[in-house]
Amino acid sequence: MDPPVKSEDDKKKTKLQIFHKIAYNTLMNENEFETRYDHIKSDSEIYKLWEDAGYFNPDICIEKGVTAPDAESFSIILPPPNVTGELHMGHAAMLAIEDVMVRYHRMRGKRTLWVPGTDHAAIATQSKVEKMIVKEEKKNRHDLGREEFLKRVNAFAQESHDTIVKQVKRLGASLDWSRETYTLDETRSFAVRTAFKKMYDMGLIYRGNRVVNWDPKGQTTISDDEIVYEERSAKLYTFRYDKSFPISISTTRPETKFGDTAVAVHPDDPRYKDFIGKEYDVLFCGAPLHIKIIADDAVEKDFGTGALGVTPAHSSIDWEMAQRHDLPLLQVIDEYARMTIAGPINGKKTTEAREWIVEELKKDNLLEREEVVTQNISTAERTGAIVEPLPKLQWFIAVNKKFKDVKSGEEKTLKELMKESVTGGEIQILPDRFEKIYFNWIDNLRDWCISRQIWFGHQIPVWYKKSNPEEFFVGVEAPEGDNWIQDADTLDTWFSSGLWPFSVFNWPKETDDFKTYFPNSVLETGYDILFFWVARMILMTTCLTGEVPFRKVYLHGLVRDIKGQKMSKSKGNGIDPLEMANKYGADATRLSLIIGAAPGNDIKISEDRIRGYRNFSTKIWNIARFIRMNYAEGMEKTAINEKYKEYIDELEALKSETTKHIDDFEFHLAAEKIYHYVWHTLADKIIETEKEKMKDGADIEKAETYVLLEHLLLESMKLLHPFMPFVTEAVYQKFHPEKILMVEQW
RNA sequence: GGGCGUUUAGCUCAGUGGUAGAGCGUUCCGUUCACAUCGGAGAGGUCGCAGGUUCGAUCCCUGCAACGCCCACCA
């Protein structure tokens with residue numbers, strides 16, 4: 001007889017099993033079933049087991065035969081944590097949910113990739129380091145100089161990065177670390193410069209003198225989305241510029257009126273109809289102004305006097321109006337929020353100027369009314385400073401300009417492209433109520449100012465001719481010769497993170513990864529960065545690749561403390577996920593963030609919850625230990641007896657329910673059902689019913705029961721693995737040291 | 001001004017067109033038993049309010065209220 005022929009596959013498998021066995025035996029003694037699950041020790045050993053096996057990397061999964069080479073791919077990019085410090089509970093929730101998806105799809109045999117990375121987070125990181133330096137050395141960034149300052153920021157970023165990576169691993173995230181990237185590394189920087197150049201050539205990036213949001217404290221522009229509105233009470237003054245002027249106007253900022261070039265009224269307002277088109281020379285608090293009366297629909301008839309002093313240089317609404325009516329721009333406030341007009345208030349702060357003007361108006365009997373109103377004031381998210389709208393020469397992305405769409409070849413605007421990606425169903429946003437919010441944002445979107453006057457970030461790839469700064473060069477690399485000087489500004493951090501879905505695959509190179517894993521299957525993140533990030537990725541990706549960045553967007557809620565407040569260090573109400581992982585295990589921490597968290601709803605977390613799930617992992621351990629203790633050497637492993645059909649059916653039902661829930665992004669339901677099954681069905685009912693037989697039954701009964709219980713246990717460990725990877729893997733190892741649960745078939 | 005979410009046990013939250021669920025807490029009983037990080041038993045809820053649809057509503061519809069969030073920005 002011929003010896004049995006081993007197929008290549010079998011050989012591979014045997015080799016694999018030996019490898020696993022050796023790897024595992026070096027970690028723990030398989031013959032002992034410890035009385036307690038020691039998560040601190042075991043969690044790290046198991047993560048190492050996974051890392052050494054290499055299965056986080058889909059290429060190795062294929063190489064080792066656990067994934068078919070032609071398997072469908074499943075890819076997620078990790079929303080890159082900012083290198084500003086440490087992970088918080090929100091990150092932990094994100095990691096837990098994404099790891100559930102990734103582990104599930106990997107176990108289903110998909111070619112599964114989860115790409116790790118970190119975000120340089122430009123302004124956030126820079127201001128953090130700046131604050132540290134001010135505090136510790138009483139110096140600001142200008143004292144250090146650009147080069148030295150950047151050195152400091154990079155060192156801080158590196159340190160944060162290392163901490164973050166350690167923390168991400170501690171939580172069990174099955175990320176492919178061999179593909180790790182950073183938004184500011186060389187490959188990503190190349191992608192950023194390429195994107196800038198391409199969009200410039202497409203006519204979508206332009207340099208323009210427009211009214212921007214200026215942060216006088218941070219000394220930089222910020223985008224509309226970086227503004228936080230704060231409700232404050234303010235005084236609304238009603239007055240005339242001077243006695244000769246026929247119309248009264250109302251404003252909360254009289255100091256800006258030195259920049260007025262028009263007064264706008266509603267075209268249908270009978271009170272002012274006769275004035276439209278007339279022009280006046282007035283003397284406002286000693287300053288000569290030339291005011292034209294214009295009619296514009298944007299004016300609210302019922303507010304104030306129904307007439308609006310138009311200040312094109314210091315209000316974006318007024319600036320737009322000025323564009324429509326071809327009004328001149330008159331800047332009277334500088335970058336430090338100080339007055340630039342000649343006279344007694346030159347160089348004074350806007351608030352001081354305001355008081356002075358009011359006094360002048362009173363003196364001249366021009367002030368008609370003074371009332372207290374509540375208004376929403378724009379403040380800069382990062383510094384808290386009141387935003388000063390100023391005209392500045394900056395770089396913008398045009399969202400309303402037609403260009404030739406890469407995919408359809410049709411003339412479209414970025415806004416249209418962003419909208420179509422979702423209305424056309426190419427991208428699905430879950431929960432779907434966020435689609436409406438997304439559309440609403442697009443409708444209000446204005447040209448995106450992308451240049452920032454900060455140092456940390458991607459320097460704008462534009463070079464100006466030293467001899468003639470009007471002449472500039474836009475390119476991926478610097479132009480030849482030393483007659484050029486690069487734009488000192490850097491790009492908004494969301495410009496580079498907008499490229500993330502494909503820059504992680506080394507775009508613009510057409511890499512295999514790009515072909516295999518792009519578009520990403522799912523983008524999972526908190527709903528708070530829908531506009532900042534998700535929308536920007538859709539914008540950049542559809543524009544540059546002609547493809548959508550991902551098929552589905554799954555938005556999770558925010559993690560809050562027990563009082564419902566956002567967790568933050570300054571409030572001291574944060575629960576540190578790492579502390580929880582060390583206290584109760586990563587599994588318990590993860591489960592507490594999944595169960596009870598409906599998609600898109602905020603979750604309030606407390607230590608008690610986490611402790612409850614730690615008890616669950618102890619329970620699992622004991623169930624496994626009990627079953628294993630009833631295994632006798634030489635026990636005959638029969639097939640499962642027909643009489644246990646009910647148990648098997650129950651398990652099968654659980655399997656299909658769980659599968660459906662995960663496919664439907666209902667992770668909380670899936671986890672809860674498995675939880676309930678393991679504790680209250682398997683342990684409380686089935687084991688309690690069958691344990692007598694294990695003790696006192698005949699050998700055949702003992703064996704039958706054992707086989708049944710082992711089957712139920714190990715199958716439920718598979719179902720639970722994506723949610724609680726550590727304890728389930730540890731249990732599985734006790735039964736199958738030659739295998740790794742992480743890559744078992746779902 | 002526009003939009004969205006939430007309202008269910010003492011607390012934090014899931015869930016469902018047909019006698020209501022989890023964690024924690026609480027009451028009683030039980031430790032030579034895999035597990036006291038446990039087991040068993042229990043208390044505790046007119047599922048925010050008012051209408052409507054339905055044989056039947058906590059769930060669907062309408063209105064209202066309270067709380068929270070997002071967007072716009074009336075200058």
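Within the 4.0 angstrom heavy-atom criterion, base atoms lie near A/K691. Nucleic acid contact class of A/L669 (heavy atoms, under 4.0 Å, all strands): sugar-phosphate only. Nucleic acid contact class of A/N376 (heavy atoms, under 4.0 Å, all strands): base. Within 4.0 Å of A/E688, counting heavy atoms only, lies at least one base atom of the nucleic acid. Using a 4.0 Å heavy-atom criterion, one finds that A/N622 contacts the bases of the nucleic acid, with or without backbone contacts as well. At the heavy-atom level, A/Y584 lies nowhere under 4.0 Å from the strands shown. When heavy atoms are screened at a 4.0 angstrom cut-off, A/R628 is found touching no nucleic acid atom at all. Among the atoms of the strands shown, only primed sugar atoms or phosphate atoms (P, OP1, OP2) are found under 4.0 Å from some heavy atom of A/I317. Within the 4.0 angstrom heavy-atom criterion, base atoms lie near A/S250. Across all strands, A/D318 comes closer than 4.0 Å to no nucleic acid atom at all (heavy-atom distances).
Straight-line distance between the C1' atoms of B/G21 and B/A9: roughly 10 Å, to the nearest whole Å. Rounded to whole Å, the separation between the C1' atoms of B/G45 and B/A22 comes to 15 Å. Taking atom P in both B/C28 and B/G68, one finds a spacing of 39 Å when rounded to whole Å. If you take atom P in B/C60 and the same atom in B/A14, they sit 15 Å apart, rounded to whole Å.
Contact annotation: A/H668 reaches the phosphate of B/G15 (side-chain N/O to OP1 or OP2, under 4.0 Å).
Per the geometry, CE belonging to A/M629 stands 7 Å off P belonging to B/C35, to the nearest Å. One atom, CD1 of A/I603, and another, C1' of B/C69, lie 17 Å apart when rounded to the nearest Å. Per the geometry, CD belonging to A/E231 stands 15 Å off C1' belonging to B/C71, to the nearest Å.
A/H39 and A/D43 share no side-chain donor-acceptor pair at under 3.5 Å. For the 3.5 Å distance criterion, the side chains of A/D224 and A/N213 qualify, holding a donor opposite an acceptor. There is a side-chain donor-acceptor pair under 3.5 Å between A/D260 and A/T311.
In this structure, A/F434 and A/Y527 have parallel ring planes: the angle between them is below the 30° cut-off, well short of the 60° mark.
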